[in-house]
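Working notes for the structure below.
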Amino acid sequence: MAGFFDQTVVNQVQQANDIVDVISEHVNLVKKGREMVGLCPFHDDHRPSLNVNVTKQIFKCFACGAGGDVFKFVQMRENLSFSQAIERLAERVGIKLKPRTQDSRPKSQDSDVDPNKLAKVNEWAAKYFQENLVNKQEGKSVLDYIAERQITRESVKKWRLGLAVSGDDLIRTAKAKGIPTKLLEQTGLVAGQMGSGFSDKFVNRLMFPITDVTGRVIGFGGRTLDEKGAKYINSPTTALFDKSNSLYGLEQARHRIVSTGTAVVVEGYTDVIMAHSKGCDNVVATLGTSFTPGHGRILRRYAKKVVLIFDGDTAGIEAANRALEVCLAQHIDIALASVPEGKDPCDFLLAAGKEQFEQLIDEAVDVFQFKWSRLAESFGRDETLAGRKSAIEEFLQTIATSLWSGNLAAIEKGLIVNRLSKIIGLNSKEINAELRKRIGRAAKTASYNVDNQKVRSIDLGDGFFAVAQREILEVLLNEPKLFEVVKRKITAEDFSVPILRQTASILFETLNTEPGARLTEILARAESPEAGGLIVELAQSGEAKANFESRLTGALDAIGRHRAQTRKNEIKAIKDQTQFLRRVLENTGKQSPHSTGMT
Ligand SMILES: [Zn+2]
């Protein structure tokens, strides 16, 4: 699971970085009993909710649920991937990392890319663009243009705006500085091919450096100044930059997002710059893409609620559907708002000011409500029975499909059902029944393109089955030696709830290779912060309940019964199908099924 690196080295890196030392670099920790506590950096914390267990080397926030080992803390705090977090912490203690084998890396010409080197080149380029704006002849008119757009000189400095000029000036300057063209190519600052030569990617453009949450420059956006080509272009995807997982302004906005609990998402660079200069500094922007699950995952670490602001009247059903999916998959509240009169947020802020912009945010409509009212509109507001029925039909089907592909806990599902019940005026029992019907339908259609992320079905009715899966994980995380019993009866494949199944496969894999593995060793194989948080949660709730052996027996029993029932259902389904085929054959004469289709 550690991907690029040898597992023993990963464990070494983990052991060499004491979790208290690492967290103390970000959070002030004080001793309280056997643990250390501090203000949690992952939510708006007023009393110290972050607990760090020194002996177990794990952290857990009792308010927002964030938890994990030292890798997870660094991943979440600095918004790094699992392997980047390993690299960062290896560097911190001076451990040299070697890729496991050449073959275990994805085969690409970029296998020797070093993200830290790319960040350094980007930093150099950001300075170079900034200096162009001030020192070059062409900079003058661009500064005038910026002033016309009412972007202040402070903003220009704060956001490090710059200028890309023509004539392959960046390549030439970089060469004079001794920066290898190969590195420039890996940053996406130049484009072209070996042989035919390289040229600057950004030409005559106003440059916006894009940073990650730690302030590293990971890419650039460029606005055309001579109306050639697209209005805005971004850096291509690199080892450092992926626009569907990056947000412009997150570094500057995150503290305010944490303290207000709300992240406001707009579409453009200048919208963000203008919002911050007017004092609305919890605003970030997507980089020319729609709001993705990746964006949701990042913002969830800082915000309880996300408000998406759309230009003019572009917030249609499409946008609502995507937002709804992210909302359900990432367990984050999303509300939608549109800027009136076809303006973009930047113009609106200039014309109407901070208060009206904040009002827009306050009045944003919850995504469920939004989707429902748009549907009700399109089916006619006159409340004819047929119109209402088709609206309900489509609404529930969308939600069922999202529910099926997401990882929802029972509590969250309950909250959603309550919300639906208020919006469409059916009681929760009816809604549950309708959703269950539709989830069956969604599961059937989707089972043709299942990837290993998704599982066959979500069990809305059989609560006990999900509870049993949880119990087994809780027990094993506390009594790893009981794995001997478990592995004779079930495999990770028997877990139907996606997030539990993911956890089970990490746990089973670890215990197979390292019998009796400790919690930190298991966490060192969990790549996602979600999995890390869940593992710590399960370990702790398991510890509190104790009675490991009897709970395990009960849970294994329940899973056995469920498996038998499923098999019975499958056999019945096959029987039904056979009967159906037989009837078809009887009705169409004595044709054999083998002779149809092929001849
Ligand atoms: Zn927290």
Side-chain angles (χ1 to χ4, degrees), residues 17-54 56-80 82 85 89 212-214 247 250-251 253-264 282 284 293-307 326-327 329-334 407-409 411-412 415 477 499 503 519-520 523 526-544:
N17 284 279
D18 186 87
I19 196 164
V20 176
D21 293 346
V22 172
I23 294 184
S24 296
E25 289 170 9
H26 303 264
V27 176
N28 187 21
L29 291 176
V30 294
K31 203 162 167 41
K32 189 182 164 201
R34 280 160 46 210
E35 303 206 318
M36 308 283 287
V37 296
L39 289 176
C40 172
F42 306 116
H43 80 278
D44 179 18
D45 200 6
H46 297 291
R47 71 182 76 170
S49 313
L50 187 78
N51 284 45
V52 183
N53 188 313
V54 188
K56 288 188 182 158
Q57 289 286 304
I58 55 170
F59 73 96
K60 170 88 187 163
C61 170
F62 290 104
C64 72
D69 61 346
V70 70
F71 293 131
K72 299 298 158 301
F73 185 87
V74 172
Q75 262 179 278
M76 290 168 69
R77 182 66 183 162
E78 302 191 11
N79 192 22
L80 301 175
F82 185 54
L89 288 174
D212 66 9
V213 88
T214 64
L247 288 156
L250 186 60
E251 180 203 353
R254 73 189 154 112
H255 293 296
R256 192 83 186 131
I257 292 177
V258 168
S259 68
T260 56
T262 302
V264 178
N282 57 344
V284 296
H295 296 138
R297 207 172 302 127
I298 295 168
L299 287 178
R300 199 182 50 180
R301 293 174 201 153
Y302 307 96
K304 288 188 205 68
K305 181 179 169 186
V306 171
V307 178
V326 177
C327 161
Q330 300 298 327
H331 317 173
I332 187 167
D333 281 347
I334 298 184
N407 315 317
L408 275 200
I411 302 173
E412 287 170 277
L415 290 176
L477 284 164
I499 183 90
T503 309
L519 189 54
T520 41
L523 284 166
E527 292 192 22
S528 77
E530 287 75 23
L534 182 68
I535 289 173
V536 170
E537 186 193 315
L538 292 170
Q540 291 186 333
S541 61
E543 191 179 8

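Each ligand, and each atom within it, is numbered from 1 in the order the structure gives.
Side-chain N or O atoms of Glu543 include none that pairs as donor or acceptor with a backbone N or O of Leu477 at under 3.5 Å. With hydrogens and angles ignored, the 3.5 Å screen pairs a side-chain donor or acceptor of Gln57 with a backbone N or O of Val54.
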Quick one: do Arg77 and Glu25 satisfy salt bridge (charged side-chain N to carboxylate O under 4.0 Å, His left out)? Show the steps, please. CA-CA 11 Å; Arg77 182 66 183 162; Glu25 289 170 9; over 6 Å; no
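Excluding waters, the count of protein N/O/S atoms less than 2.8 Å from the Zn ion (ligand 1) comes to 4.
Between Phe59 and Phe73, the ring-plane angle classifies as perpendicular under the 30° and 60° cut-offs.
Each of Val306, Val284, Leu247 was compared with His295 under the side-chain contact (heavy atoms from CB on, under 4.5 Å) criterion, and only Leu247 meets it. Partner of Ile23 under the side-chain contact (heavy atoms from CB on, under 4.5 Å) criterion, chosen from Val27, Val20, Asp21: Val27.
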